[in-house]
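Below is one structure, written out as C-alpha cells, with a few remarks after it.
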Amino acid sequence: MKAIELAQHGGPEVLVLRDAEKPQAAAGRVLVKLVVAGVNYIDTYQRSGLYPVKLPFIPGQEGAGVVEEVGEGVRGFRVGEQVAYTGVPFSYAEYVSAPADRLIKVPKKVGLETAAAVLLQGLTAHYLVNSTYPLKRGDLCLVHAAAGGVGQLLVQLAKRKGASVIATASTREKTELARRAGADHVIRYSDEDFVAEVRRLTGGRGVEVVYDSVGKATFEKSLDCLKPRGMMVSFGNSSGKVEGIEPVLLMRKGSLFLTRPTLDHYISDRASLEERAGEILRLVASGKLKVMIGARFRLGDAAQAHRDLEGRKTTGKVVLSID
Ligand code: NDP
C-alpha cells in the first residue's frame with residue numbers, strides 16, 4: 001500500500017510517499033480501507049521530534065473509511081460498513097488496522113470526510129468544555145487560535161454551554177471566522193494586547209477559564225487574563241513548548257489552577273469514547289455543530305499540509321484525501 005513515512009525527524013520534507021506493508025486484521029482488530037485521514041497539530045510534533053516516536057514512522061492518528069476485513073473475535077462490525085476513529089496510529093496510509101474498541105460507526109448524515117475531520121478535534125473540544133473545566137451559563141472564557149480546527153469547535157461548544165466567549169486569532173479573516181463560530185468578542189492578538197483587551201471586556205474582572213493551545217507565546221499572558229482561582233487549561237504547543245513554570249507563579253497570579261490535559265485520558269475507556277463521539281456526531285448530523293474543512297490535500301502532499309498548518313495558513317480542519 002501507499003503511505004507517508006518518515007525515516008528521521010525533521011521539517012515537512014521528511015514526509016515521503018512510499019510503498020509500505022499493508023497491515024492485517026489481527027485478532028480484535030479491523031482492517032479499514034481509508035478514504036480520508038485527518039491532519040492534526042500533534043502529527044507535526046511527532047514529525048519534528050517534539051514528541052519522539054519510533055522510526056520509521058507513519059504519522060496520523062485520525063481517519064475514516066470502509067471496513068475491509070474483520071479480525072477474530074470482533075463483534076459489531078461488518079465488511080463494507082463506514083467507520084471512523086481517533087487515537088489510532090499510522091493513518092497517513094491507504095489502510096489502517098484499528099482496534100475494534102476504538103472504532104465509531106459513521107452516521108449516513110455525517111459522511112466519511114466530516115467524520116474524519118471532527119473526531120479528534122471535536123472530542124477535544126467536548127472534553128475541554130464538559131470535563132476539564134465544565135463551563136456553566138454565564139461563565140467567561142478565553143479561547144486562543146479560535147479560527148483553527150479545535151478553535152472553531154471549541155467556540156461553538158462553549159456557546160452551547162451558555163458561556164460568553166472571547167476569542168483570539170491572528171488575522172482579520174480569522175477573527176471573522178471566530179465571530180461566525182459564535183464568539184461574543186474577538187481580539188487580533190497579533191496586533192492587540194490581549195491581556196488589556198480581556199481586562200477591558202470583563203470590567204477588570206478576568207475570565208473563569210483560558211483554553212490555550214498556543215503554548216509558549218501566550219502562556220504567561222493568559223494567566224493574567226484569569227480571575228482569582230481561575231483555571232488555566234494549557235492544551236497545546238502550536239508556538240512551542242511551555243517550560244520552566246514554578247508553582248509559586250500560580251499563587252502570585254491569583255491562586256490559579258493549571259492543567260495540561262490530553263484527549264487520550266478523556267476517552268480511555270469505550271464508554272467515554274462512545275459518549276463523547278455520540279454526542280459530537282449527533283450535533284453534527286443535526287446541523288448544530290458546524291465542521292469547517294479549510295483545506296484538502298492528496299496523501300502524497302502531506303508535506304505541504306504540514307507547511308500550511310505550521311505556517312498559520314490554515315483555518316478549520318485540514319484533511320488528506322486517499323484514493
Ligand atoms: P490549528 O488549526 O489550531 O492550527 C494552529 C493555530 O495556532 C494556527 O492556525 C495559529 O492561529 C495558531 N498559532 C499561534 N501561534 C502559532 C505559531 N507560532 N505557529 C503556528 N501556529 C500558531 O491546529 P489544531 O486545531 O490541529 O490544533 C490546535 C492546538 O490544539 C495544537 O496546539 C494541538 O497540539 C492542540 N491539541 C491538543 C489536544 C489535547 O488533547 N491536548 C488535542 C487536539 C489538539 P492564528 O494564526 O490565529 O494565531
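Numbering of ligands and ligand atoms starts at 1, following listing order. Index from 1, following the sequence.
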Any N or O on [X] sitting closer than 3.5 Å to an N or O of ligand 1?
{"X": "S239", "value": "no"}
{"X": "I42", "value": "no"}
{"X": "V150", "value": "yes"}
{"X": "Y41", "value": "yes"}
{"X": "L120", "value": "no"}
{"X": "F235", "value": "yes"}
{"X": "P261", "value": "yes"}

All ring-ring contact (aromatic ring centres under 6.0 Å, His included) counterparts of Y266, not counting sequence neighbours:
Y127

For atom 9 (O) of ligand 1, what is the closest protein heavy atom, and at what distance to 0.1 Å?
K174 NZ, 3.3 Å

In this structure, atom 29 (C) of ligand 1 is nearest to the protein heavy atom S213 CB, 3.3 Å

Please list all pairs passing the side-chain hydrogen bond (donor to acceptor under 3.5 Å, both in side chains) test where one or both residues lie in residues 82-93, with sequence neighbours left out.
D43-Y92, Y85-S91, Y92-H306

Are any of the heavy atoms in H144 under 4.0 Å away from ligand 1?
no

Test item, Y266 contacting ligand 1 (heavy atom, 4.0 angstrom):
no

At a non-hydrogen distance cut-off of under 4.0 Å, which region of V214 contacts ligand 1 (side chain, backbone, both, or neither)?
side chain

Would you please test E279 and R160 for salt bridge (Lys or Arg N to Asp or Glu O under 4.0 Å) and show each step?
CA-CA 13 Å; E279 203 174 319; R160 289 188 64 78; over 6 Å; no

Among A295, S238, G151, closest by any non-hydrogen atom to atom 19 (N) of ligand 1
S238

